[in-house]
Amino acid sequence: MRIASYNVENLFNRAKALDQRTWAAGRPVLEAFARAGELLEEPVYTDEIKRDILRELARLGLRGGDLAKFARLRQNRGRLLRRARDGRVEVVAGGRADWIGWVELTTDRCDEQALLNTARVILDLRADVLGVIEAESRHALKRFTEGGLRGLYRHIMVMDGNDERGIDVGVMSTEDFPLTGQRTHVDDEDERGRVFSRDCPEYHFALPGRAERLVVLVNHLKSKGYGGKVASDATRRRQAARVAEIYRAQATPFVAVVGDLNDTPGSEPLEPLLRGTDLRDIGEHPAFDDAGRPGTYGSCTARNKLDYVLLSPALWAAVTGGGILRKGVWGGRNGVLWPVYDTMTRAVHAGSDHAAIFADIDLDKLGSHIR
């Protein structure tokens with residue numbers, strides 16, 4: 001059985017602000033979008049909140065009109081703003097109940113050749129259970145599999161999470177590993193409020209010839225891309241701690257935590273998950289082959305190890321190998337840091353800026369386990 005994780009960096013449509021040359025280029029837009037969303041949910045728009053709303057809309061280019069390069073203001077019922085002919089703009093809604101609408105990020109179609117290379121990675125990977133990161137929706141993932149994956153996956157699931165930018169996590173599995181159950185943690189809360197930026201869904205799979213189930217927790221933790229470091233680190237730590245709790249609550253001995261954790265193995269935010277549980281990182285296994293580069297993102301150095309397959313002790317004991325498939329990642333500025341597909345002649349053709357990571361497990365070695 002091969003369990004894998006792959007951040008596909010959206011399939012068909014991606015927010016324009018996320019598709020800039022560097023994170024720094026899109027960061028102001030993403031920060032303004034996040035802050036505007038918080039302000040618009042306030043039950044009462046005080047004078048101070050109204051000034052803040054106008055400031056964030058201006059940062060998004062929405063002060064003079066409802067559509068800008070990176071964002072769109074939806075005013076479906078009632079009005080948030082009044083724009084005068086002399087250029088004055090004022091917030092006329094008194095609070096959230098006075099209008100129906102929101103701010104959303106505008107999107108672009110993904111490059112067609114990049115989409116084909118994303119499919120090529122997944123076909124070469126041939127995982128039995130694949131955690132998919134940054135899928136727009138189940139419908140998009142289903143269209144993608146039907147059009148480019150030659151019927152490889154029978155079971156496809158994505159549950160909407162908390163990210164409004166169309167960045168969800170899902171799973172695909174082959175006919176031999178049917179999806180038998182699922183549970184969302186989208187509304188999980190701790191003392192500081194809602195935990196997950198996206199979700200930490202549980203997916204339950206039947207294992208051939210066994211009564212026990214395989215549980216896969218798919219994750220995409222808070223990015224470092226925008227927001228202050230202290231705040232984003234704290235959010236990732238809260239998320240890692242909650243994933244650890246969900247893992248410990250599973251009844252089956254066969255559990256994998258996969259996904260883009262957006263931090264390195266030695267980082268403090270991931271400590272509750274990587275050092276506070278008995279989960280083992282496939283990258284640490286003697287049979288794991290990283291081709292001399294432990295990272296999974298960008299230039300794939302150690303500081304760019306962001307993607308994980310973490311295994312419970314029962315799965316770890318049956319590991320026969322693992323690795324990183326990075327032929328769909330543009331290798332450095334000129335794409336020459338490692339072999340890439342012959343269909344990738346420019347950086348825009350990359351299947352993703354993340355490599356796929358996988359673990360191979362011998363089902364015959366799983367034995368009988370009681371947890």
Side-chain angles (χ1 to χ4, degrees), residues 1-8 121-135 141 145 149 152-158 169-183 200-210 212-221 243 246-247 250 252-261 265 273-274 277-290 296 305-326 352 354-367 369 371:
M1 172 178 63
R2 175 168 287 185
I3 301 174
S5 177
Y6 186 32
N7 185 327
V8 298
V121 169
I122 295 174
L123 288 171
D124 285 350
L125 185 64
R126 300 200 72 81
D128 297 289
V129 179
L130 175 62
V132 182
I133 317 303
E134 295 196 13
L141 189 56
T145 59
L149 297 186
L152 179 60
Y153 292 104
R154 173 72 177 81
H155 307 279
I156 302 160
M157 183 55 63
V158 177
V169 296
V171 74
M172 303 191 294
S173 68
T174 59
E175 187 172 4
D176 292 336
F177 297 86
L179 180 64
T180 61
Q182 57 194 6
R183 179 183 179 186
C200 173
E202 300 176 22
Y203 293 111
H204 297 240
F205 301 90
L207 290 171
R210 305 191 66 92
E212 302 100 330
R213 293 293 187 255
L214 168 71
V215 174
V216 179
L217 309 180
V218 187
N219 281 271
H220 188 188
L221 301 192
V243 175
I246 296 169
Y247 162 65
Q250 300 305 315
T252 178
F254 308 126
V255 184
V257 176
V258 307
D260 179 357
L261 303 187
L273 185 61
L274 299 188
T277 70
D278 57 9
L279 288 164
R280 300 290 298 275
D281 180 358
I282 186 59
E284 298 176 348
H285 198 281
F288 185 81
D289 181 12
D290 62 14
T296 59
K305 166 65 185 288
L306 304 181
D307 302 272
Y308 295 80
V309 175
L310 307 178
L311 303 173
S312 62
L315 291 178
W316 178 266
V319 166
T320 60
I324 299 172
L325 199 168
R326 55 174 62 93
S352 174
H354 288 253
I357 184 170
F358 62 91
D360 290 331
I361 296 162
D362 187 341
L363 294 174
D364 293 334
K365 294 182 178 180
L366 288 180
H369 297 268
R371 194 176 186 205

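Residues H285 and R280 fail the side-chain proximity criterion, which asks for heavy atoms closer than 4.5 Å. Between R210 and F254 the shortest side-chain heavy-atom distance falls below 4.5 Å. Residues M1 and L207 meet the side-chain proximity criterion, which asks for heavy atoms closer than 4.5 Å. Within the 4.5 Å cutoff, the side chain of Y308 has heavy atoms near those of the L274 side chain. Side-chain contact between N219 and V169 is absent, with no heavy atoms from C-beta onward closer than 4.5 Å. Side-chain atoms of H204 and T252, non-hydrogen and from C-beta on, never get closer than 4.5 Å to each other. Between H354 and I133 the shortest side-chain heavy-atom distance does not fall below 4.5 Å. Looking only at side-chain heavy atoms (C-beta outward), Y153 and I122 come within less than 4.5 Å of each other.
Interatomic distance, D278 CG to L311 CG, rounded to the nearest 0.5 Å: 11.0 Å. Note that the CG atom of L217 and the CZ atom of R183 stand 10.5 Å from one another [nearest 0.5 Å]. To the nearest 0.5 Å, atoms CD1 (I282) and CG (L310) are separated by 10.0 Å. Here T145 contributes atom OG1 and I156 contributes atom CD1; the two are 3.0 Å apart, rounded to the nearest 0.5 Å. Atom CZ in R213 sits 13.5 Å away from atom CD in Q250 (nearest 0.5 Å). To the nearest 0.5 Å, the span separating CG on L279 from OH on Y247 amounts to 4.5 Å.
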D128 vs R2, test: salt bridge (Lys or Arg N to Asp or Glu O under 4.0 Å). Steps then yes/no. CA-CA 5 Å; D128 297 289; R2 175 168 287 185; over 6 Å; no
Between V8 and L141, does a side-chain contact (heavy atoms from CB on, under 4.5 Å) hold up when you go through it step by step? CA-CA 10 Å; V8 298; L141 189 56; over 6 Å; no
Can you check side-chain contact (heavy atoms from CB on, under 4.5 Å) on V258 and Y203, steps first, answer last? CA-CA 11 Å; V258 307; Y203 293 111; over 6 Å; no
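Distance alone, capped at 3.5 Å, places no donor-acceptor pair between the S173 side chain and the V129 backbone. With hydrogens and angles ignored, the 3.5 Å screen pairs a side-chain donor or acceptor of D281 with a backbone N or O of G283. Checked by atom type and distance alone, the side chain of T296 pairs as donor or acceptor with a backbone atom of L306 at under 3.5 Å. Judged by distance alone, the side chain of S312 and the main-chain N or O of P253 form a donor-acceptor pair under 3.5 Å. Of the possible donor and acceptor atoms, one in the side chain of S352 sits under 3.5 Å from a partner among the backbone N and O of N7.
Taking every heavy atom of both residues into account, V319 and G321 meet most closely at CG1-N, 3.5 Å. Contact between V158 and A135 at its shortest, heavy atoms only, is CG2-CB, 4.3 Å. Summarising the geometry of A4 relative to F358, their closest heavy-atom pair is CB-CB, 3.8 Å, with the distance given to 0.1 Å. Nearest heavy-atom pair across A127 and T174 is O-CG2, 3.9 Å. Scanning both residues, D364 and D362, for their nearest heavy atoms gives N-OD1, 2.9 Å. Here the shortest heavy-atom pairing between F177 and P208 reads CE2-CD, 3.6 Å.
Other residues, nucleotides and ligands contribute over 12 non-hydrogen atoms within 6.0 Å of the CD atom of Q182.
Ion pairing of K305 with D290 is absent here, as no side-chain N (NZ or NE/NH1/NH2) approaches a carboxylate O to less than 4.0 Å.
Checked against D307 for a side chain to side chain contact (heavy atoms under 4.5 Å, CB included), the options D260, L261, I324 give a single hit: D260.
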